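All remarks here apply to the structure that follows.
Computed over heavy atoms, backbone and side chain alike; hydrogens, waters and symmetry mates excluded. What you are looking at is a predicted structure, and each value in this text was computed from that prediction instead of being measured.
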Amino acid sequence: MKPLLTIFLTLQLGAVMAQKPACVPTGLQCEHLVNPLGLDTPAPRFSWRLDDSRRGARQTAWQLAVGTDSAALAGGKADSWQTAKTATNQGLVTYQGSSLKPFTTYFWRLTVWDKDGKPASSAIARFETGMMQQKNWLGAWISDVNNVDLKPAPYFRKGFTVTKKIRSARAYIAAGGLYELYINGEKTGNHRLDPMYTRFDRRTLYVTYDVTKQLQTGKNAIGVLLGNGWYNHQSTAVWYFHQAPWRARPTFCLDLRITYDDGTTETIASGKDWKTALSPVIFNSIYTAEHYDARLEQPGWNTASFDDATWKNVLLRAAPSTNVVAQAMHPVRNVEAIPARQMRRINDTTVVFDLGRTISGVSQFRVSGPAGTVIRLKHGERVYPTGLVDMSNIDVHYRPTDKSDPFQTDIFILNGKGDEQFMPHFNYKGFQYVEVTSNKPLTLSEKNLTGYFMHSDVPPAGLVSSSSETINKLWWATNNSYLSNLFGYPTDCPQREKNGWTGDAHIAVETGLYGFDGITIYEKWLADHRDEQQPNGVLPSIIPTGGWGYEWGNGPDWTSTITLIPWNVYLFYGDSKILADNYEAMKRYVDRITAISPNGLTTWGLGDWVPVKSKTPVEFTSSVYYFTDASIVAKAAKILGKQADFVAYTALANKIKNAVNAKYYHPETGLYGQGVQTELSVPLHWGIVPDDQKSKVAANLAKRVQADNTHLDVGLLGTKSILNALSENGYADIAYQVASQETYPSWGWWIKNGATTLYENWPIDAKSDISMNHIMFGEIGAWLYKAPGGIKPDPEQPGFRNILLEPHFVKGLNQFEAAHEGPNGLIKSAWSRGSDGITYSVVVPANSGATLTLHLSPGQQLWENGQVVKPLQTTSGNTARYTLQAGSYSFSIR
Ligand code: BGC
């Protein structure tokens, strides 16, 4: 029987629901975050969507109010910004009110008018400003100023007394290195590895926390544990991070700003009155591992009652950079706990745990044993036939100088005081297996180890599900690799390198954006690009970098991130800020290529990296990327109203296109170069092929793929283009055959062999380039949304204000569903094949429209509710075009 209260509440809720207006503004975000704290921008962006499922739902007007007093705002008074009622359907607007003040909470509220002109107001949302200007910092940068090579991580602490009643409190903390902040013994927030990696000597990030609840009237203590991160890289590998120009002993600056009930404020800041001591973290490296000696623990070190008389005074030092800015992005977290699935005992002192899947992150180990027991936790992606962890696929670029810093191996020394627990503070790894060895036998079971999948905690924004088990697993594995390679900047792999390889990231950007709400990460990473760009336009191949990468691998096929990332973010979010912010950098980049490539062709690049077998000339692919860059600059110029640039870069793009076609295209045969898969698909995908030659080139590509037994013969650059070039030019069935292969060489071959992530090389027994968690072949993820799903952004109305829907009901699949949560809400495209044709359901979110393109068989028509839907237009063959307004549709095609 239902308790009465539940029945009552259900009835109440029912009544409330019944009153809910048909259209409500919802999903309010500021700077693409929900109620963010600590913003520095003087002009934050506001975005929203409509909760309105009616057919044709749209916004006819909007009005925004921003103020510092939420009660006044609720009553219709806004003291910061009050816009006029504006008759547009935009869902994104940039603040233009009175100057924002630092440390201030602003409330905002939106009123929209629906399709019938009926108004509805949103709930009140908020954002809070942070420092806004460097001069608002009161704290000093402090450190223990030990030698950069000293291994143990330092603790810092300060006790203080609060006499008045606290209304609210914020902690602002910036660090060179990584920090964990504690107040009264408790860790603040659930972020990991903060602050995110930047080029520390150009831009240092700070993070804001609401710590109101952690403080108390009376005695308090703040504790900070500082790690090395990329700031003080002590491990030695081929990229010379240990020689980074910014390298120094970790340092931080903190302002704890308390607002009292009487309206006064007080700031407890880092300074000379802080104390420091070395912590039990006796070694920490973001790249390799962490060592922890629990015998060195100082219980209560971060609480008020702790006696720090034996601790040392801190030293003041210079800030790492004079550009300390807010970290306004989704943080890294321990996103998913993965219990060990199996523990295999090798001998008395060695066991191997298996998580059952490959991840990026850490393991947490719980155990009890005698004091001084040394436990080594060696993390790897594969095991030898003996069951021991095999590191040979991931430690190849590591150059240790001695045995004290073993790769991906945490060392945990017990204090013998009962149940003990260890999880690294300042490191992550790529692994599936953990080999645990101890110098004394321990009692262990699966329960002693848990893996944590760590990554930038970007909200999921996509879904793919189909009648093919392999495709479903492949989609999941692609997401796993995308997330494993997202730590505040995109990386190539979470183990061997953790490098921000540019090429891998632009290949994967669409996969990322269909699947996850990643704008905040990409905006930050593009700022990293601007920090790294030389005055002459050159970018390094890995970003950020300690210096390596300006001389190798940084041609347009990799570093076109500077154009491709902003362009794709613009397409997915309809937000042109990233184009405006990077416009000069993009232009400088293209001008640089032009300066060294006067004839329109460039040999600068790496080419089709890790190919199956066929090679494509570097000049060909790099010049196509150069063309793409020039085209994006031209498009951005148009959007930003820079007419002269638009003309100049359009002309440049045409010049490059002509040069590529003159040298590589053979009109008599319709082939580029030798006509291998990359050579034919790259120009089709990137729009180099003259319009009247497209069908010929596409037919040749289809033939080539069939001659290759409908298997892949591409490397990194070809994986981006092969499926798209086929499906966009009339060969979707062939594309799907390639995409769904389960024998070598294919993505499915990995899956059939147990992959839970994507690999770096096609053969599973390759001898080099054999990371098991690379995203560089990850375009397959995006293609599933684009081709069988048919969901694409419309460059004319970006941010999915118009959706280009073009599902391909490919042979081999009986059912397919793709969904993407765009700025206006959920977009869905789902179909299934039945005996009487295709059932196709579509959701177009409120305030969006869609252009549906269907490739019908002769005699086929589109039906809804027993009626034939008339196409707007039927083009060549049986391609029919329809316009859809917002709403849910259930069609059949027969
Ligand atoms: C990385 C790749 C990267 C490549 C550049 C490798 O070591 O892991 O993913 O793009 O170098 O050539």
Side-chain angles (χ1 to χ4, degrees), residues 28-41 44 46 66-71 73 80 100-108 123-132 136-139 158 160 162 164-175 178-196 205-225 252-270 302-304 324-334 456-457 459 488 520:
L28 274 65
Q29 294 196 333
C30 180
E31 287 295 289
H32 299 285
L33 294 165
V34 175
N35 297 333
L37 289 185
L39 296 182
D40 276 346
T41 171
F46 302 101
V66 183
T68 51
D69 181 339
S70 60
L73 194 69
S80 306
L100 298 177
K101 295 189 191 66
F103 314 121
T104 307
T105 306
Y106 290 87
F107 300 91
W108 60 289
I124 289 180
R126 58 163 76 193
F127 70 94
E128 193 177 287
T129 52
M131 290 287 162
M132 295 197 82
N136 290 324
W137 283 95
L138 297 182
K158 179 186 162 60
F160 61 98
V162 169
K164 294 197 265 187
K165 200 156 174 254
I166 298 167
R167 183 193 294 164
S168 68
R170 300 286 183 264
Y172 305 91
I173 177 165
L178 300 171
Y179 70 83
E180 282 194 352
L181 170 66
Y182 298 83
I183 294 180
N184 294 325
E186 183 196 23
K187 188 182 174 230
T188 299
N190 59 4
H191 300 191
R192 298 273 276 134
L193 304 177
D194 260 347
M196 295 293 98
L205 300 180
Y206 79 88
V207 182
T208 305
Y209 299 96
D210 180 350
V211 294
T212 314
K213 293 207 179 90
Q214 280 186 281
L215 290 174
Q216 59 201 26
T217 307
K219 287 199 158 139
N220 292 274
I222 316 175
V224 172
L225 171 64
F252 76 100
C253 181
L254 175 137
D255 278 7
L256 173 69
R257 193 169 189 275
I258 307 174
T259 306
Y260 295 113
D261 246 10
D262 62 9
T264 59
T265 61
E266 182 182 7
T267 301
I268 313 292
S270 48
N302 45 18
T303 62
V324 182
V325 298
Q327 177 174 302
M329 62 199 288
H330 293 289
V332 171
R333 291 196 175 96
N334 280 5
S456 286
D457 194 7
T520 59

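- For the residue pair Thr41/Glu31, the side-chain donor-acceptor check at 3.5 Å is not satisfied.
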(request) Decide yes or no on side-chain contact (heavy atoms from CB on, under 4.5 Å) for Val162 and Leu215, but give the supporting numbers first. (result) CA-CA 9 Å; Val162 169; Leu215 290 174; 5.7 Å; no
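- In this structure Thr265 satisfies the side-chain contact (heavy atoms from CB on, under 4.5 Å) test together with Arg257, Thr259, sequence neighbours excluded.
- Closest non-hydrogen pair, Ser80 versus Gly67, comes out as OG-CA, 3.6 Å.
- The CG atom of Leu178 lies 13.5 Å from the CZ atom of Phe252; values are rounded to the nearest 0.5 Å.
- Rounding to the nearest 0.5 Å gives a distance of 5.5 Å between CG of Leu225 and OH of Tyr182.
- Thr105 OG1 to Arg126 CZ: the interatomic distance, rounded to the nearest 0.5 Å, is 6.0 Å.
- Here the CD atom belonging to Glu180 is positioned 10.5 Å from the CD1 atom belonging to Ile173, to the nearest 0.5 angstrom.
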(message) Would Ile166 and Tyr260 count as a side-chain contact (heavy atoms from CB on, under 4.5 Å) here? Give the steps.
(response) CA-CA 4 Å; Ile166 298 167; Tyr260 295 113; 4.1 Å; yes
(message) Val224 vs Leu181, test: side-chain contact (heavy atoms from CB on, under 4.5 Å). Steps then yes/no.
(response) CA-CA 5 Å; Val224 172; Leu181 170 66; 3.9 Å; yes
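- Partners of Arg170 under the side-chain contact (heavy atoms from CB on, under 4.5 Å) rule, at least two apart in sequence or in another chain, are Leu37, Glu128, Ser168, Tyr172, Thr208, Asp210, Thr212.
- Rounding to the nearest 0.5 Å places CZ of Arg167 at 13.5 Å from CD1 of Ile258.
- For Gln216, there are no side-chain hydrogen bond (donor to acceptor under 3.5 Å, both in side chains) partners at least two apart in sequence or on another chain.
- Between Gly488 and Val332, the shortest heavy-atom distance links the atoms N-CG2, 4.4 Å.
- For Asp194, the side-chain contact (heavy atoms from CB on, under 4.5 Å) partners two or more places apart in sequence, or in a different chain, are Tyr179, His191, Met196, Val207, Tyr209, Gln327.
- For the pair Asp40 and Ala326, the tightest heavy-atom approach, listed with the atom from each and the gap, is OD2-N, 2.8 Å.
- Considering only heavy atoms from C-beta on, Lys219 stays 4.5 Å or farther from Phe160 through its side chain.
- Under the salt bridge (Lys or Arg N to Asp or Glu O under 4.0 Å) criterion, Lys187 pairs with no residue, sequence neighbours left out.
- Note: Thr68 OG1 to Tyr106 OH = 7.0 Å, rounded to the nearest 0.5 Å.
- Between Ser270 and Cys253 the shortest heavy-atom distance is OG-CA, 3.5 Å.
- Between the side chain of Thr129 and the backbone N or O of Lys101, at least one donor-acceptor pair lies under 3.5 Å.
- The minimum heavy-atom distance between Ala304 and Ala221, with the atom names listed, is N-CB, 3.4 Å.
- In this structure, Asp255 has no salt bridge (Lys or Arg N to Asp or Glu O under 4.0 Å) partners at least two apart in sequence or on a different chain.
- Legend: residues meeting ring pair (Phe, Tyr, Trp, His ring centres under 6.0 Å) with Phe46, ordered by chain and number and at least two apart, are Trp108, Phe127.
- Listed by chain and number, the residues in a ring pair (Phe, Tyr, Trp, His ring centres under 6.0 Å) with His330 amount to none (sequence neighbours excluded).
- Residues satisfying the side-chain hydrogen bond (donor to acceptor under 3.5 Å, both in side chains) test with Lys164, not counting sequence neighbours, are Asp262, Thr264.
- Without hydrogens or angle criteria, Thr520 side chain to Met329 main chain gives no donor-acceptor distance under 3.5 Å.
- In this structure, the side chain of Asp457 does not engage the main chain of Pro331 through any donor-acceptor pair within 3.5 Å.
- In this view, Thr267 satisfies the side-chain hydrogen bond (donor to acceptor under 3.5 Å, both in side chains) rule with no residue, not counting sequence neighbours.
- Formation of a donor-acceptor pair under 3.5 Å by the Asn220 side chain with backbone atoms of Gly218 is found in this model.
- Among all heavy-atom pairs drawn from Pro36 and Cys30, the shortest one is CG-O, 3.4 Å.
- Looking at residues two or more places apart in sequence or on another chain, you find a side-chain contact (heavy atoms from CB on, under 4.5 Å) between Ala328 and Leu33, Leu39.
- Remark: Asn334 engages Arg192 in a side-chain hydrogen bond (donor to acceptor under 3.5 Å, both in side chains) (not counting sequence neighbours).
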